[in-house]
Amino acid sequence: MAKEYRFREIEKKWHERWNQEQTYRVAEDANKQKYYVLNMFPYPSGAGLHVGHPLGYIASDIYARFKRQQGFNVLNPMGYDSYGLPAEQYAIQTGQHPEKTTFQNIDRYREQLDKIGFSFDWSREVRTCDPGYYHWTQWAFQKMFNYYYNLTPVPSPKGEGSIQAGCARPISELIAHFEKCGTEGLNVAQSEELTFTAEEWKAMDEKKQSDVLMNYRLAFLGETMVNWCPELGTVLANDEVVDGVSVRGGFPVEQKKMRQWCLRVSAYSQRLLDGLDTIQWSESIKETQRNWIGRSEGAEVRFRIAGTDEEFTIFTTRADTMFGVTFMVLAPESELVQKVTTPEQKAEVEAYLQQVKARTERERMIDKRVTGVFSGSYAVNPLTGEDVPIWISDYVLAGYGTGAIMAVPAHDSRDYAFAKHFNLPIIPLIEGADVSEESYDAKEGTVINSPRINEIKNEKLKIKNDALVLNGLSVKEAIEATKKYVSEHGLGRVKVNYRLRDAIFSRQRYWGEPFPLYYKQGIPTMIPEECLPLELPEVENFLPTATGEPPLGNAQIWAWDEQQKKVVDKALIDEKMVFPIELFTMPGFAGSSAYYLRYMDPHNSEALVSKKADEYWQNVDLYVGGSEHATGHLIYSRFWNKFLFDLGISCKEEPFQKLINQGMIQGRSNFVYRIKDTNTFVSLGLKDQYDTTPIHVDVNIVKNDVLDLEAFKAWRPEYETAEFVLEDGKYVCGWAIEKMSKSMFNVVNPDLIVENYGADTLRLYEMFLGPVEQSKPWDTNGIDGCHRFLKKFWMLFWDKDGQMLADDSEPTADNLKSLHKLIKKVTADVEEFSYNTSIPAFMVCTTELTNQHCRSRRILEPLVALIAPFCPHIAEELWEALGHTTTVCDAQWPEFDEKYLVESTVKMPVQFNGKVRFTLDLPVDMSKEDIEKTALSAPEAAKYLEGMQVVKTVVVPGRIINIVIKPA
RNA sequence: GCCCAGAUGGUGGAAUUGGUAGACACGAGGGACUUAAAAUCCCUUGGCCUAACAGCCGUACGGGUUCGAGUCCCGUUCCGGGCACCA
């Protein structure tokens with residue numbers, strides 16, 4: 001009897017064994033080199049895993065196992081991102097407490113994950129909602145509160161003379177600076193530029209000083225425009241809002257001014273940008289982050305309001321165009337608006353401001369009509385002395401630059417549209433630029449009109465001599481020249497602006513980390529570090545409210561007793577030293593920002609991570625996750641890690657050295673076609689003959705696009721009496737690629753695949769589907785092929801009586817060639833994550849070895865080691881059958897040896913279409929005819945040519961010759 | 001509008017990075033075994049022209065570089081992703 005491949009038994013056996021023997025447990029080991037593989041941990045949602053989820057886990061598991069077999073000490077942990085909106089939304093929908101549903105969902109996830117045979121070290125599991133974990137989330141927040149950012153460049157701790165764009169420093173240093181010299185000589189990240197003297201600082205009361213410090217803290221309370229989502233009852237970060245609606249749920253989001261905790265992510269803009277050059281991420285993700293950070297180099301220039309001594313500042317990247325300024329524009333929200341509005345224009349301006357205010361962000365984005373109003377005032381161009389009108393328009397944003405611009409309609413399309421609409425002058429400044437129909441925005445050409453002939457000589461100008469002349473320069477030269485002139489003459493300064501905004505860090509929700517702080521006489525005060533974690537209190541009603549009242553307001557035991565250092569009943573607030581605790585909670589990204597550090601030392605109650613563990617594991621070598629986190633988690637994590645790096649907690653500045661973005665697995669929906677007003681269904685090929693309606697049908701009752709008629713009748717009561725119009729005796733379904741979702745009946749549960757084919761087939765098939773980084777539809781049509789391969793692979797090891805056939809015989813040259821070809825291919829592929837191309841190599845090798853009747857242990861053992869990362873269960877079973885007592889996880893990765901591939905100049909003959917083709921390596925500089933002659937008379941070729949007729953020779957100069965032969 | 005990444009059979013996708021395009025798998029067709037089915041195995045499968053051998057055309061489109069281009073360069077079209085009144 002042949003030995004059957006019983007995957008169910010095999011997989012069950014090894015799951016138990018791995019569990020029992022703690023096969024995947026890792027510890028620091030100074031004798032081994034570390035390798036840290038990490039997946040983005042999942043939100044345990046209520047729907048459980050579908051086949052798309054494990055894709056990245058399988059890819060990284062293969063890599064982790066591969067590295068382990070290469071002798072590395074591999075950290076491959078897993079955990080759950082269990083705080084935040086998704087978990088809470090699910091709880092609300094099902095009317096249960098989020099803690100209950102979260103734990104249920106985690107158990108379900110774990111059960112599903114365990115079936116697939118991952119090499120996770122579960123002893124290091126983290127859950128963001130666990131107090132032992134969020135202790136350190138709260139701790140990091142307190143540190144950020146107690147630090148500010150000094151922008152003065154410092155030598156990078158990494159050495160090599162590199163310079164780092166600033167560094168986080170303790171807030172105490174800033175206070176010392178204020179006490180000594182006020183804001184004099186300060187170069188720090190701040191919400192707005194404040195100016196005060198040391199005396200003024202000392203004169204402030206405690207509350208006032210607290211307010212001032214908020215302007216500098218890395219975690220600060222700020223009154224800012226936020227994305228308020230009434231439906232979700234909370235504010236959202238910028239990356240959680242797309243096209244004016246919430247990413248989660250798609251609910252409308254409005255702009256609202258609210259007092260919120262923020263993280264000064266923008267302080268790290270330059271370092272977040274610089275760091276991108278030091279990490280191996282895909283170009284597209286890096287580009288997305290660069291766009292999101294949005295660095296733009298330019299100049300700030302001060303313009304005086306005509307007839308006054310007041311000045312205001314604008315930001316421009318086109319300093320060269322200052323001679324073409326014909327008007328100025330202020331954002332409607334700008335504080336200057338009131339200042340520049342003249343009494344005559346007041347009514348009109350007020351009306352405009354009302355009109356702007358009434359429009360939501362979304363309406364403003366959709367409707368891009370030109371609107372604006374004249375303020376009545378003029379500004380003085382500091383280069384020409386000309387007066388130009390100051391307008392107010394919502395095409396200028398308050399939040400970027402200074403909220404005011406100089407308009408150069410000739411060379412900016414938005415200014416152009418505005419000028420045309422309001423009939424303002426347009427002055428071209430570049431030679432040959434035709435601005436009669438549209439602006440010339442390109443930053444190239446030769447500058448003219450700068451200064452213009454008959455330049456106004458105006459005594460209002462500060463500078464009369466030493467005038468700036470740009471004519472004849474290129475645009476790039478003119479920009480530099482103007483920037484230099486402007487800064488040298490005190491008209492402004494060179495400035496770099498970033499689009500990156502500070503992250504809004506508070507949520508009006510229940511299911512999140514509580515803020516470890518209380519309000520003492522209205523002053524935010526941190527709970528002592530030794531009292532952390534501040535645990536999330538129980539509440540009766542955890543539902544969010546549309547008004548923004550946080551659910552934590554419902555917690556009775558939620559006040560801080562400063563003397564007893566503990567949480568007490570809030571009824572005691574009026575007593576001495578008892579104060580209200582913050583009611584907001586932290587957002588989803590709080591817990592996910594530093595979890596990779598916690599995996600290094602998950603049970604440490606003294607620190608986020610010990611020095612020892614951090615120095616051993618350093619940072620994540622390989623991070624696998626979806627590209628949808630490009631502007632969220634992947635920015636916040638980098639920010640968070642850089643902050644911890646500044647504190648000396650994390651020894652690496654970048655958390656994730658290499659990043660692989662696995663693609664999404666889409667669903668492949670199937671359709672049946674019902675003839676209108678009947679219960680008759682017509683097969684795909686015949687549907688055009690009828691008037692039909694396509695109906696989604698559960699993909700689990702369709703195989704290779706053929707409908708299981710009985711299962712269909714049983715699927716829904718209304719189809720019990722269904723009739724069918726078949727083609728070739730079958731009902732063929734239509735199909736479409738859509739998002740994998742319950743409503744489209746195209747969700748495929750991995751449990752089902754594991755049950756029917758085994759985890760090894762699932763793992764293999766998910767990788768075979770296509771490149772890991774590409775999105776692709778799940779298509780069960782091909783899974784049989786992978787399963788068949790595993791059967792063939794299995795049969796390679798057993799004789800017809802079911803006995804292990806490996807023996808100590810010498811491998812043949814062909815055996816060695818097949819094996820080493822495979823070693824070379826698979827090693828290179830796994831390094832590059834092109835698993836999809838190694839699998840065919842396995843198939844070819846298996847076929848070759850089967851044809852060669854290979855029995856040699858020296859071939860079969862390395863073969864098992866090679867497949868172990870992909871299909872660990874079958875590999876373990878065969879490894880054991882080969883007589884090993886150790887786990888195949890530690891089987892050494894086979895070394896490739898070139899010599900087995902090139903022992904002769906004749907490469908493996910390839911059989912195809914009834915002919916034989918082989919290849920010779922020949923010297924580079926031979927002529928075509930000589931190559932042919934030499935090749936045909938080569939001794940190596942002789943044995944192949946004997947009794948054969950040469951059909952065709954193909955000569956590739958300097959490289960190879962192909963000779964196609966057939967039997968004479 | 002700007003930036004990034006792509007386009008190869010009926011399908012998913014290979015191609016040693018400039019060297020035989022279409023590996024491998026799916027699907028389809030044909031055959032073997034079988035009372036039958038399942039399973040398994042073998043053959044064919046880019047297009048055109050052929051009885052066959054041979055031949056010609058083919059990697060979105062148009063040019064170019066090269067002995068040689070799916071691969072490199074220039075232009076065009078189309079699909080995907082990111083940013084976007086960001087001055």
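Source: prediction; values computed, not measured. Below, read A as the first sequence line, B as the second, and so on, with proteins coming before strands; counting in each chain starts at 1.
- Between B/A87, B/C83, B/A15, one nucleotide has an atom nearer to the side chain of A/Thr316 than all others, and that is B/A87.
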Can you give the donor-acceptor pairs under 3.5 Å from side chains of residues 764-774 of chain A to other protein atoms, not counting sequence neighbours?
from: A/Tyr765; atom 1: OH; to: A/Asp779; atom 2: O; distance (Å): 2.2
from: A/Glu766; atom 1: OE1; to: A/Leu55; atom 2: N; distance (Å): 3.4

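- The phosphate of B/C24 has neither OP1 nor OP2 within less than 4.0 Å of any side-chain N or O from A/Asn836.
- Using a 90° window around 0 for the glycosidic torsion, B/G9 falls inside it and is classed as syn.
- Nucleotides B/A32 and B/G22, compared at atom P, are 30 Å apart to the nearest Å.
- One interatomic measurement links the two molecules: CD of A/Glu297 to P of B/A87, which rounds to 12 Å at whole-angstrom precision.
- In this pair, A/His820 and A/Tyr900 present their aromatic rings tilted. The plane angle is within the 30 to 60° band.
- Nucleotide B/G80 holds its P atom 20 Å from the CD atom of A/Glu773, rounded to whole Å.
- By the 30° and 60° cut-offs, the orientation of the rings of A/Phe793 relative to A/Phe842 is perpendicular.
- With a 6.0 Å cutoff to the six-membered ring centre and a 45° limit on the axis angle, A/Arg638 counts as a cation-pi contact of A/Trp281.
- Closest to the A/Arg788 side chain, of the nucleotides B/A14, B/C41, B/A87, is B/C41.
- Within 90° of 0 lies the glycosidic angle of B/U17, which makes this nucleotide syn.
- B/C74 and B/A69 have their C1' atoms separated by 15 Å, with the value rounded to a whole Å.
- At least one side-chain nitrogen or oxygen of A/Tyr400 sits closer than 4.0 Å to the OP1 or OP2 atom of B/A87.
- Of the candidate nucleotides B/G13, B/A87, B/C24, B/C24 has the atom lying nearest to any side-chain atom of A/Phe768.
- Of the candidates B/C4, B/C85, B/C24, the closest approach to any side-chain atom of A/Ser284 belongs to B/C4.
- Salt-bridge formation is detected for the pair A/Lys825/A/Asp829: a Lys NZ or Arg NE/NH1/NH2 atom is positioned less than 4.0 Å from an Asp or Glu carboxylate oxygen.
- Toward the 5' end of RNA chain B, the nearer of the two residues A/Ile285 and A/Thr847, judged by each one's closest nucleotide, is A/Ile285.
- Distance from the side chain of A/Met843 is smallest for B/C24 among the nucleotides B/C85, B/C24, B/A87.
- A donor-acceptor contact closer than 3.5 angstrom is absent between the side chains of A/Ser439 and A/His411.
- One interatomic measurement links the two molecules: NZ of A/Lys791 to C1' of B/A38, which rounds to 10 Å at whole-angstrom precision.
- The nearest heavy atom of RNA chain B to A/Val844 and to A/Gln774 marks one nucleotide each, and the one closer to the 5' end goes with A/Gln774.
- When the nucleotides B/C4, B/C85, B/A87 are ranked by their closest atom to the side chain of A/Glu287, B/C4 comes out on top.
- The side chain of A/Arg290 places no N or O atom within less than 4.0 Å of a non-bridging phosphate oxygen (OP1 or OP2) of B/C4.
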Apply side-chain hydrogen bond (donor to acceptor under 3.5 Å, both in side chains) to residues A/Asp441 and A/Tyr416 and explain how you reach the verdict.
CA-CA 10 Å; A/Asp441 290 15; A/Tyr416 188 88; over 6 Å; no
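- For the pair A/Lys443 NZ and B/G1 P, the interatomic distance rounds to 19 Å; values are reported in whole Å.
- Rounded to whole Å, the distance from CG on A/Asp441 to P on B/C85 is 16 Å.
- Atom P of nucleotide B/C83 and atom CG of A/Leu273 are separated by 16 Å, given to the nearest angstrom.
- Closest to the side chain of A/Asn291, out of B/A87, B/G13, B/C83, is B/C83.
- The aromatic rings of A/Trp391 and A/Phe422 sit tilted, their planes meeting at an angle between 30° and 60°.
- Under a 4.0 Å N-O distance rule, the pair A/Glu297/A/Arg295 qualifies as a salt bridge.
- When the C1' atom is used for both B/G13 and B/A23, the distance is 10 Å, rounded to whole Å.
- B/A38 and B/A21 have their C1' atoms separated by 38 Å, with the value rounded to a whole Å.
- One atom, CD1 of A/Ile479, and another, P of B/A87, lie 12 Å apart when rounded to the nearest Å.
- Contact check on A/Asp415 versus A/Lys420 returns no salt bridge, with no Lys/Arg side-chain nitrogen under 4.0 Å from an Asp/Glu carboxylate oxygen.
- Sorted by residue number, the members of residues 494-503 of chain A with any non-hydrogen atom under 4.0 Å from RNA chain B read A/Arg499, A/Arg501.
- B/A14 and B/U66 have their P atoms separated by 31 Å, given to the nearest Å.
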Decide yes or no on side-chain hydrogen bond (donor to acceptor under 3.5 Å, both in side chains) for A/Tyr400 and A/Ser296, but give the supporting numbers first.
CA-CA 11 Å; A/Tyr400 184 78; A/Ser296 93; 3.0 Å; yes
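- One P atom belongs to B/U8, the other to B/C3, and the distance between them is 25 Å to the nearest Å.
- Taking the P atom of each, B/U71 and B/G63 are spaced 14 Å apart, rounded to whole Å.
- For the pair A/Thr631 and B/G82, the criterion of a side-chain N or O lying under 4.0 Å from OP1 or OP2 is not met.
- Annotation: B/C42 and B/C33 have their C1' atoms spaced 11 Å apart (nearest Å).
- When distances are taken from the side chain of A/Pro840 to each of B/C24, B/C85, B/A15, the shortest belongs to B/C24.
- Residue-level contact check: A/Leu769 touches the backbone only, with heavy atoms under 4.0 Å from sugar-phosphate atoms and none from bases.
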Let me check I have this right: for RNA chain B, each base becomes ., (, ), [, ] or |, based on Watson-Crick or G-U pairs with both distances under 3.5 Å. What is the full string?
((((.((..(((......[....)))((((((.......))))))(((......)))..(((((..]....))))))).))))....
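- Straight-line distance from the CH2 atom of A/Trp292 to the C1' atom of B/C2: 17 Å, rounded to whole Å.
- Atoms OG and CG, from A/Ser282 and A/Asn661 in turn, are 5.0 Å apart once rounded to the nearest 0.5 Å.
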